[in-house]
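The block underneath contains the structure these notes are about, expressed in structure tokens.
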Amino acid sequence: MVTRDIAVLAVSAGPADQALIPAELAGLPVETVVLNPGPPGGWADELRAALRARGGRRLVVWAPHRPATVIAAAEAQQFPDVVVVFTRQAAVGVIEALTAGRSVASIIHPPLPVPDQALRQAGAGADELFCGDGWRVELTDQPQPTWLTITADAVRVAAAGLTPAERAAIAERAASVERAAPAGRSATAAAPAQPDGQAGAGRRRLLIGSANYAGQGRAWAQAVTDHVPGFQALNVQLRTLAGLVFDSDCLLRSESLNDPVARVDLARELVAPATHVLLEDMRALMGTSDLRRPEISPAFGRAEAEQLLASGRRVACLVHGTAGRTPARHRAVEPWSPYWDPESDFYQVRDQLVRELAAALDGLAAPLFVATPDMLEYIDGAVWLPIVAGRDDFRPAPPWGRAAKLKVAHAPSSDVMKGSEFVDAALTRLDRAGLIDYQSVRGVPPLGVPRLLRQVDVVVDQVVLGNPATLMIQTMAAGRLAVAHIAEPTRRRYPEPLPVVEADPSNIAEVIADIAADREAYRPLAEAGPAFARRFHDGRLSADVLNRHFLSLEGAP
Amino acid sequence: MATLADARPGSGRRVLYLAWGFPPYRGSGVANPLAAVNALAKRGHEVTVLAAGTDTFALAMGADWGLVEQIDPAVTVVRVDQPGAWNDPIASRWPEVLRRYGGAAPQWLRDVEVKMFPEPIRNDWYPAWLPVATAAARALHRAKPFDLVIATILPAVSAGVALNLNAAAGVPFVVYERDSWVFSPFTGEPYEDADRSRPLLEEVFERAEQVWYINTPIADLHRREFAAWADKIREVRNGWEAAFVPEVITPAPRAGRGLVFRFVGTADVGFPSAFVNEAWRLARAASPVVQDSTLEFVGVAADNVKAHSAEGVKWSEPVLKRDLAAVYASADVLLFIKEGGPMATSGKVYEYTATGLPIASSMAPGHDARAVLGGRPLWFDAAEHTPAGLAAALVAAAAHEPTAAELAAARRHGQRFRRDLIFDAAFGQLEASLGW
């Protein structure tokens, strides 16, 4: 491969950098730009001039001094075919990659990891892929209502505002081996899945995203794939900077959300191929609102939902508790509500979120789901989509209640929303009195939850909200005794008694003490958990709910 | 030894081999998973490897494409790039949030990564591979189910993927721990953050079919610490590949010339370079032959270990694996020095034994490499693990010109550590235990 069109520029910010810079890297001579000493403020101009002077060659810029690296990377965005690296090894690696024929765009914008990538590498057939070779991408210089648009048969990207590298990367996607939508292939859902298991005229694909709280987006996707004939389902999680990561088919890190190429990948690999999209909390999936600062809040999610509907796809919305639970109403009916102070930021922020979601849902003709039955009191017209306990949650656990002391755990995802101050105070007293073995744990990774559950007898979940949340379901599935506050109207949503011991901050200590004193009285309740969880939370019912109320609906909503 | 392919052609099982570091990865330990998957394929199994993406190695860590040529063509390799914006050396990919922090992610952002998975020593890079690799593994299993998963660590995140697939789909698995996830191989003590990783290792022990370790001391330690699952523990040693070691090396007659002493392998930041340099200086002072000789380091070396090299010490760039045989063929004496104690063996010592060449060594008492070298002709071991001790060993090696018979005997000693034989035994007992 000819290398004469590749140049190497090292950026020296001082003698320490100079000592590192060799005369050659990977067989290419290294030019050096020595930045003026002093504050980095003037370096942008120097670096810009150095980049302009490269004479149209592909350029690898090695800047080992971090402040200079940051500035060089920012300046380089405006130039085509420039890669800025921080380490010598990376400089060598990039030079070798370019020499071997890689494009700068492919190095700076690698594809977003999606399951189909692995399947393609393994030689999977088209039937096994969610999107085949990827949806067609059109890059246009014509002004568009949004920078990214999904149509019936393509992903359309407006080029205005893209950096040269972004444009080149998206052009590569557009030029890659992709079939134009073949005759008959479009986003429009084909005939609905038949109850007897016969698939419709075309394969249907469901995409769920992007909250994936407690891994439920993934779990619902799995339920549909397992139990709704003719459907394949995947989920995507948009991970906030510090958010917990749960098992997901595609993970989009929030710091990548500002990368338009990553969003084009998401659109072409997952959103466009979907015939049905379940939006969680009406969060925007693709950030079509803005090229650089995408908003995912419900108002923008509504705009994306409208776009998807206009393109012939079917859309539904699932409302999670935090986004749908009206603080004022909860405070009125729940004596221990965490929304007790309307003047607090805690209240105001959540109230605003609920109002935004309600506004976004207003007038949207789309099926509505809620994840817990208590939420039916808050979202009119919603259908309860049960939380799913995964296969592993039903793994047989040791016999219940055999340890010398009752083992009790509290593992909140949010102290405030679970009422942890009350639980910890009460159960720590019982532990110190020698009545129980109590552990209060935080930040248990998803992989660690099964082990935790099998090591304890009792799990105290939330005692203030009134909702049967994921950990409570998992506790039942594992044959452990769940203790939580589940309001009576919510309990009545189940067609049979919920095997969960009721407790709230006023009596949690007494309840646990009673269990410790008379385990045999509570054993049937613990042992009833797995069968109960199987009937309502093993995915079959959830798949059926989604199918009846969304996936199998005829015609446009 | 009969294999499944011999007994029932085409009836091999589907095996997913999880190895984050796989060719073109050229780092320490890559030969092990390469040999393992080739051995499995040769036994008639349908093998898929799930590894970090080539860009992870080619653009950031260095790649050896020659190793890719060693992969059995029947093996399918699926690659998922290692995410990790905070450690990306390609600055053009830095997200805006990282640029706002001047290119250096603050500790709180790094700690978020650490929470995803308890990699040893709170590593904040590997954990991000867990979700993307799990998604790939799940998709592959859904498309065509696997009968078995084998995960090799470190990094331990590969074991996390195996756990996830077992939890999601009940796929049986084996973890080839090699070194330990919880205990330092150099000290035998728990890593500082072992309280995070130990519960997950217990989960591995509870669910896995078997857990393999690279030497007896590490295996025994885990048999004691995880006694409830001691019966699941096996030892599967490292070994050497015939492809990388010449069948016969006949050093040129010494006839008063200077000799070529060679260290082949990785000298990372913890390498005892000051120790070695001091030993070399002492040896040069004590022996005219050594004074005329060179000590050449061939392999990846951290910048700090190259500083203050003694006279006669040379540093050469790493060579591709396919060129290793020539490196051994032109050496007179091999230098073996490895930090650590009873828990440490090193992978390179097996290759060294196979060459038949004289080996001068220094290591802590009880170092497991002694279990490999013990009884081998042409082994010149330092009487005490000091620069003076190593110097004496170097001088002794320089003074003894090996005979053809000694070279042959030394080569024979190394035959038992041929990796294909080791894996044949390991996979044979595994297949039997699984009832395959």
Side-chain angles (χ1 to χ4, degrees), chain A residues 63 66-67 69-70 72-74 76-77 82-87 89-90 92-94 96-97 104 107-110 113-119 121-124 128 165 222 225 237 241-251 253 255-256 258-259 390-392 395 443 445 447-448 450-451, chain B residues 48 50 53 55 57-63 76-81 83 85 88-99 102-104 108-109 112 115-118 127-128 130-132 134-140 142-144 160 163-164 166-170 199-200 202-203 206 303:
Chain A
R66 269 188 218 272
T69 321
V70 171
Q77 286 183 348
V82 178
V83 184
V84 178
V85 303
F86 181 60
T87 67
Q89 178 60 59
V92 171
V94 170
E96 290 175 350
V104 167
I107 291 171
I108 296 178
H109 295 284
V114 294
D116 273 4
Q117 266 179 8
L119 291 172
Q121 291 180 64
E128 291 155 326
Q222 188 66 52
T225 299
Q237 177 180 347
L241 266 183
L244 278 176
V245 173
F246 293 94
D247 194 18
S248 182
D249 293 305
C250 178
L251 183 68
R253 301 164 72 105
E255 59 268 24
S256 300
N258 292 344
D259 177 2
R391 181 187 183 285
D392 202 55
R395 204 157 153 253
L447 268 179
R451 184 155 199 80
Chain B
T48 300
L50 185 58
D55 269 6
F57 313 124
L59 298 185
M61 305 175 77
T76 300
V77 183
V78 174
R79 303 181 188 274
V80 178
D81 275 334
D88 193 345
I90 313 283
S92 291
R93 302 197 292 218
W94 287 356
E96 188 181 323
V97 61
L98 183 59
R99 293 204 296 271
W108 73 267
L109 269 180
V112 169
K115 279 186 196 155
M116 283 169 57
F117 186 79
L130 179 65
V132 292
T134 296
R138 188 176 45 244
L140 292 168
R142 187 169 61 226
K144 195 173 178 188
L163 270 174
N164 279 344
N166 177 265
L200 219 50
E202 289 176 353
E203 192 71 5
E206 187 162 318
D303 287 336

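Predicted model, so just to flag it, every value in this text is computed and none were measured. Numbers restart at 1 for each chain; the letters A, B, ... are given by sequence-line order, proteins then strands.
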Fill in the blank from the handout: Applying a strict 4.5 Å limit to non-hydrogen atoms, the region of A:S248 in contact with chain B is backbone
Practice task
Would you check if A:P115 and B:R138 make a side-chain contact, meaning some heavy-atom pair closer than 4.5 Å?
Solution key: no
Exercise for the section: Quick one: closest heavy-atom pair of A:A118 and B:L140, and the distance? Expected result: O-CD2, 3.7 Å
Problem - Side-chain touch A:V85/B:P89, heavy atoms, less than 4.5 angstrom - result: no
Completion exercise
Of all heavy-atom pairs linking B:A143 and A:L119, the shortest is CB-CD2, 3.6 Å
Exercise for the section: Find out whether A:D259 and B:R93 are in side-chain contact, i.e. whether some heavy atom of one side chain is under 4.5 Å from a heavy atom of the other. Expected result: no
Handout entry: Proximal component of A:L251, with respect to chain B [non-hydrogen, under 4.5 Å]
Key = side chain
Exercise for the section: Check each atom of B:A104 against the heavy atoms of chain A and say whether the ones under 4.5 Å are side chain, backbone, both or neither. Expected result: both
Handout entry: Which of A:L244, A:N258, A:D247 touches chain B most, by non-hydrogen pairs under 4.5 Å
Key = A:D247
Problem - Over all atoms of both residues, closest heavy-atom pair of A:D392 and B:A167 - result: CB-O, 3.2 Å
Problem - chain A interface, residue from B:D81, B:V77, B:L163, B:D55 that has the most non-hydrogen pairs under 4.5 Å - result: B:D55
Handout entry: Pairwise distance CD1(B:I90) to OG1(A:T87) - rounded to 0.5 angstrom
Key = 7.0 Å
Practice task
Specify the closest pair of heavy atoms between A:R391 and B:N166, including all atoms of both residues, with the distance to one decimal.
Solution key: NH1-O, 3.9 Å
Practice task
Give, as side chain, backbone, both or neither, the part of B:N164 having an atom under 4.5 angstrom from any heavy atom of chain A.
Solution key: both
Completion exercise
So, the part of B:T48 with a heavy atom under 4.5 Å from chain A: the answer is neither
Handout entry: Side chain / backbone / both / neither for B:A169 at chain A, heavy atoms under 4.5 Å
Key = backbone
Exercise for the section: Would you mind checking which part of A:Q237 comes under 4.5 Å of any heavy atom in chain B, side chain (CB onward), backbone (N, CA, C, O), both or neither? Expected result: neither
Fill in the blank from the handout: Whatever's closer than 4.5 Å to a heavy atom in chain B on A:Q117 counts as neither
Practice task
Flag the pair B:L130 / A:V245 as yes when at least one side-chain heavy-atom distance between them is below 4.5 Å, and no otherwise.
Solution key: no
Fill in the blank from the handout: Most contact-rich option vs chain A, by heavy-atom pairs under 4.5 angstrom, among B:A63, B:G170, B:A60, is B:G170
Handout entry: Polar side-chain atom of A:Q121 near backbone of B:R79 as donor-acceptor pair, under 3.5 Å
Key = yes
Practice task
Select one option (side chain, backbone, both, neither) describing which atoms of A:A122 are under 4.5 Å from chain B's heavy atoms.
Solution key: both
Problem - Heavy-atom proximity to chain A below 4.5 Å, by part of B:L200 - result: side chain
Exercise for the section: State, to 0.1 Å, how close B:K115 and A:P445 come at their nearest heavy-atom pair, and which atoms those are. Expected result: O-CB, 4.2 Å
Completion exercise
Rounding to 0.5 Å, atoms CG (B:L109) and CD (A:E255) come to a distance of 7.5 Å
Completion exercise
Closest heavy-atom pair, A:G93 versus B:L59, reported as atoms and distance to 0.1 Å, is O-CD2, 3.6 Å
Exercise for the section: Would you confirm whether A:R66, through its side chain, and B:G102, through its main-chain N or O, come within 3.5 Å as a donor-acceptor pair? Expected result: no
Completion exercise
Most contact-rich option vs chain A, by heavy-atom pairs under 4.5 angstrom, among B:A137, B:G160, B:G103, is B:G103
Problem - Contact class of A:V82 relative to chain B, heavy atoms under 4.5 angstrom - result: backbone
Problem - Residue part contacting chain A, namely of B:F57, when any heavy atom lies under 4.5 Å - result: neither
Exercise for the section: Identify which part of B:A136 has an atom lying under 4.5 Å from any heavy atom of chain A, answering side chain, backbone, both or neither. Expected result: both
